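Okay, structure first, notes after.
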Amino acid sequence: MKVGIVGAGMVGSSAGYALALTGTASEVVLVDVSEKLAIAQAEDIAHATPFHSATKVRAGDYQALAGAGIVILACGVNQKPGESRLALLERNAEVFRQVVGAVLAVAPDAILLIASNPVDIMTEITTRLSGLPATRVIGSGTILDTARFRSLLGRHLGISPQSVHAYVLGEHGDSEVLTWSNALAGSVSVASFAEQVGRPLTPELRAEIDDNVRNAAYRIIEGKGSTYYGIGAGLARLVKAIALDQRAVFSVSILTPEVEGVRDVALSVPRVVGASGVIVDLFPELDAAEHAALARSAALLKEKTASLQL
Ligand code: ADP
């Protein structure tokens, strides 16, 4: 499948690199407002492919996206000194206004994967701007938070993260919700498994894992300026699920008719992803505190989008 990436910065190029190394796409086309950057990134990534795959990687204009099955939107502008989050959001909404129209003019059948932050809000904006069914405009949401949660739980329990079934729901951001009550190690609750292996999940340990998941991005940004490898790999994983119609379950963000009584809000819950985009939403069984936290997260996102002129 041909995959387009608009925004050849750190996140876009990392997604391109992951797609090329894994051979998930037959062709990757990078588009950026800086043509020079797109060309340089494409050439650099293309030099990696002979070692691992036959993926063709090139830079192009919007015309070059014709025939793409998926287009990843990783474009955006950075916060100016003193700029409010809302002002930044409005400038990014303007970028998306131009980009979404240009993409759909040449690739009307593509599934859009949104990576730009704040991802839940950019997903809602893209859904509204595009007029596409919400199931075809998928934000990366909490895929990375979920991956971090599984990895920390797996490390504590001494098992592979792939054998841990646990999700982070809600906003990709401060109000996200780690759902402990339904987390499984294999087929056993993580709490029970932790007892069985003599490594109980004490309240202190849960708080430490929660903090580690919730604040990972802040710590990485402090050390290296921004985060991109994790999300790049996550986006490549979503492309694979769509390209191969895997119907795999991911915590991704789409505009959802109702979550915890909040109407028309984009946030993450586990969803089945396949060739047509999101196929089914799964609303997991939660305990009272998790329900309340998810309701708070949904309400907060609703508040943030209310002031936007779409
Ligand atoms: P991130 O770390 O999120 O990837 P970057 O700033 O590295 O952030 O990348 C964002 C990219 O989006 C930049 O390369 C920038 O040139 C690109 N971009 C900004 N506006 C547009 C636009 N209108 N069309 C295409 N690309 C754009």
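Since this is a predicted model, take the numbers as computed values, not measurements. Counting starts at 1 for both ligands and their atoms, following the listed order.
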query: Would you call Arg58-Glu27 a salt bridge at under 4.0 Å N-O?
result: yes

- prompt: Under a 4.0 Å heavy-atom limit, does Val31 contact ligand 1 with its side chain, its backbone, both, or neither?
  reply: neither

- prompt: Quick one: nearest non-hydrogen protein atom to atom 6 (O) of ligand 1, plus distance?
  reply: Asn78 ND2, 3.6 Å

Nearest-contact summary for atom 19 (C) of ligand 1 - protein heavy atom, Å: Gly76 O, 3.3 Å

message: Is it true that, when you exclude Tyr229 itself, more than 12 heavy atoms of the residues, nucleotides or ligands shown sit nearer than 6.0 Å to its OH?
response: no

task: Give the C-alpha distance, both sets of side-chain angles, the deciding distance and a yes or no for side chain to side chain donor-acceptor pair (under 3.5 Å) between Glu290 and Ser181.
output: CA-CA 8 Å; Glu290 291 163 351; Ser181 70; 2.5 Å; yes

Using residues 5-18 as the side-chain source, report each donor-acceptor pair under 3.5 Å to any protein atom, sequence neighbours left out, with the distance given to one decimal.
residue: Ser13; atom: OG; partner: Gly9; partner atom: O; Å: 2.6
residue: Ser13; atom: OG; partner: Met10; partner atom: O; Å: 3.3
residue: Ser13; atom: OG; partner: Gln41; partner atom: NE2; Å: 3.4
residue: Ser14; atom: OG; partner: Met10; partner atom: O; Å: 2.7

task: Identify which one of Leu300, Asp145, Leu267 satisfies the side chain to side chain contact (heavy atoms under 4.5 Å, CB included) criterion when paired with Glu171.
output: Leu300

task: Could you find the nearest protein heavy atom to atom 16 (O) of ligand 1 and give me its residue, atom name and distance?
output: Asp32 OD1, 2.6 Å

- request: List the closest protein heavy-atom neighbour of atom 25 (C) of ligand 1: residue, atom name, distance to the nearest 0.1 Å.
  value: Val33 N, 3.3 Å

Side-chain donor/acceptor pairs under 3.5 Å, residues 61-76, sequence neighbours excluded:
residue: Asp61; atom: OD1; partner: Gln63; partner atom: N; Å: 3.2
residue: Asp61; atom: OD1; partner: Ala64; partner atom: N; Å: 3.2

field: Interfacing atoms of ligand 1 (cut-off 4.0 Å, heavy-atom, Val95)
entry: 20 (N), 21 (C), 22 (C), 23 (N)

field: ligand 1 N/O within reach of Val77 N/O, cut-off under 3.5 Å
entry: no

- prompt: By number and element, which atoms of ligand 1 are closer than 4.0 Å to a non-hydrogen atom of Cys75?
  reply: 12 (O), 18 (N), 26 (N), 27 (C)

- request: Output yes when the distance from some N or O of ligand 1 to some N or O of Ser34 is under 3.5 Å, and no in every other case.
  value: no

query: Identify the closest protein heavy atom to atom 3 (O) of ligand 1: which residue and atom is it, and at what distance?
result: Val11 CG2, 3.7 Å

Residue-ligand contact Phe96/ligand 1, heavy atom below 4.0 Å: no

field: Cluster check Leu112, Ile138: I/L/V/M/F/W/Y, side chain < 4.5 angstrom
entry: no

task: For ligand 1, note which part of Leu37 has a heavy atom under 4.0 Å away: side chain, backbone, both or neither.
output: side chain

